[in-house]
Amino acid sequence: MSAIDTRLADLGIALPEPVAPVANYVPFVRTGNQVFISGQVSIGAEGLVKGTLGGDMDIAAGQAAARLCAINLISQLKAACEGDLSRVKRVVKLGGFVAATADFTDIPQVINGCSDLMVEVFGDAGRHARSAVSCPVLPLGAAVEVDGVFEVE
């Protein structure tokens, strides 16, 4: 078991099977030492987390949804690394999307739910560049979606 797998276990996180694409794209592309992971929506064991921040969801619920996105990103990353998360050298960049009302401005705090988990799991290698934007609706009605770029060996 790698140190990353141990950290996940210590955090009580069992990675789900990678989520299959819902349209005409692949879940990840590896080129050279980088892995580009397609957007992962806020889906967990209880199903898809839907909602609109500033409407029917508060910041804490949005952060929990973003954390699910992080778990799904790590699941895809593990698949891209043939099951060996010790090959991950760095979380390079995350792109966060939040379904929000026009007056909701706490988008960065919502995406911290994903960013914080990356640092918890990967330590300093989990610190990353990031964008965080809002939009009126996300695929399938998801509350949050995050994509990512990772450096691997």
Side-chain angles (χ1 to χ4, degrees), residues 1-51 53 59-100 106-135 138-153:
M1 181 180 284
S2 75
I4 302 301
D5 290 314
T6 300
R7 276 194 210 121
L8 287 166
D10 290 347
L11 292 167
I13 296 171
L15 293 178
E17 287 296 314
V19 177
V22 298
N24 187 16
Y25 61 91
V26 294
F28 61 84
V29 171
R30 182 166 177 185
T31 181
N33 65 343
Q34 291 188 319
V35 175
F36 294 79
I37 300 179
S38 297
Q40 300 296 299
V41 295
S42 48
I43 190 168
E46 283 95 47
L48 183 65
V49 176
K50 297 180 178 184
L53 277 292
I59 292 173
Q63 289 171 330
R67 185 177 174 93
L68 289 173
C69 296
I71 291 167
N72 291 321
L73 282 165
I74 296 168
S75 178
Q76 294 289 358
L77 185 57
K78 187 168 186 171
C81 291
E82 292 89 30
D84 185 3
L85 286 171
S86 68
R87 294 172 55 191
V88 177
K89 293 186 70 170
R90 176 109 200 173
V91 180
V92 176
K93 184 172 190 299
L94 298 178
F97 304 88
V98 177
D106 291 322
I107 293 99
Q109 287 73 25
V110 171
I111 299 302
N112 279 347
C114 182
S115 293
D116 291 349
L117 186 62
M118 291 299 174
V119 174
E120 286 180 70
V121 171
F122 296 104
D124 280 341
R127 298 191 185 283
H128 50 272
R130 186 180 90 177
S131 58
V133 298
S134 71
C135 52
L138 287 169
L140 309 174
V144 181
E145 179 176 356
V146 182
D147 62 17
V149 179
F150 300 83
E151 181 184 4
V152 298
E153 307 184 311

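Since this is a predicted model, take the numbers as computed values, not measurements.
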V110 side chain near V144 side chain, heavy-atom distance below 4.5 Å
yes
Neighbour count >12 (heavy atoms, 6.0 Å) for atom NZ, K93:
yes
Which atom of F150 lies closest to which atom of V92, heavy atoms considered
C-CG2, 4.0 Å
Keeping the roles fixed (side chain from D147, backbone from G95), state whether a donor-acceptor pair exists under 3.5 Å.
yes
Using side chain to side chain contact (heavy atoms under 4.5 Å, CB included), reason through R30 and V35 one step at a time and then give a plain yes or no.
CA-CA 4 Å; R30 182 166 177 185; V35 175; 4.0 Å; yes
Could you state the interatomic distance from CG (L53) to CD (Q109), rounded to the nearest 0.5 Å?
10.5 Å
Heavy-atom pair with the smallest gap, counting every atom of L48 and A142:
CD1-CB, 3.9 Å
Test N72 against V41 for side chain to side chain contact (heavy atoms under 4.5 Å, CB included), laying out the working first.
CA-CA 8 Å; N72 291 321; V41 295; 5.9 Å; no
What distance do E151 atom CD and K89 atom NZ have between them, rounded to the nearest 0.5 Å?
5.0 Å
Is there a side chain to side chain contact (heavy atoms under 4.5 Å, CB included) between I43 and L68 once you walk through the steps?
CA-CA 6 Å; I43 190 168; L68 289 173; over 6 Å; no
What are the two closest heavy atoms between I71 and P16, and how far apart are they?
CG2-CD, 3.6 Å
Spacing of I74 atom CD1 and L117 atom CG [to the nearest 0.5 Å]:
5.0 Å
Test N112 against every option in Q63, R67, R130 by the side chain to side chain donor-acceptor pair (under 3.5 Å) rule and name the one that passes.
R130
Does any non-hydrogen side-chain atom of V22 lie less than 4.5 Å from one of L140?
yes
C114 and L73: CA distance, side-chain angles, deciding distance, side chain to side chain contact (heavy atoms under 4.5 Å, CB included) verdict
CA-CA 9 Å; C114 182; L73 282 165; 4.0 Å; yes
Are D124 and R127 close enough for a salt bridge, meaning some N to O gap below 4.0 Å?
yes
Solution key, residues 78-86 side-chain donor-acceptor pairs under 3.5 Å, sequence neighbours excluded:
| residue | atom | partner | partner atom | Å |
| --- | --- | --- | --- | --- |
| K78 | NZ | D5 | OD1 | 3.3 |
| E82 | OE1 | R87 | NH1 | 2.3 |
| E82 | OE1 | R87 | NH2 | 3.4 |
| D84 | OD1 | S86 | N | 3.1 |
| D84 | OD1 | S86 | OG | 2.4 |
| D84 | OD2 | S86 | OG | 3.3 |

Would you give the length of the straight line joining atom CZ of F97 to atom CD1 of I107, rounded to the nearest 0.5 angstrom?
12.5 Å
Minimum heavy-atom distance between F122 and I4, given as atom pair plus value:
CD2-CD1, 3.6 Å
E17, CD: over 12 other non-hydrogen atoms inside 6.0 angstrom:
no
Heavy-atom nearest pair, L94 first then H128, reads CD1-NE2, 3.3 Å
Minimum-distance pair of heavy atoms, taken over all atoms of A65 and V49
CB-CG1, 4.0 Å
Are the side chains of P21 and P27 in touch, meaning some heavy atoms are under 4.5 Å apart?
yes
What I'd like to find out is whether the side chain of L8 reaches to under 4.5 Å of the side chain of V121, using heavy atoms alone.
yes
Distance in Å, T6 OG1 paired with L11 CG, rounded so as to fall on 0.5 Å steps
11.0 Å
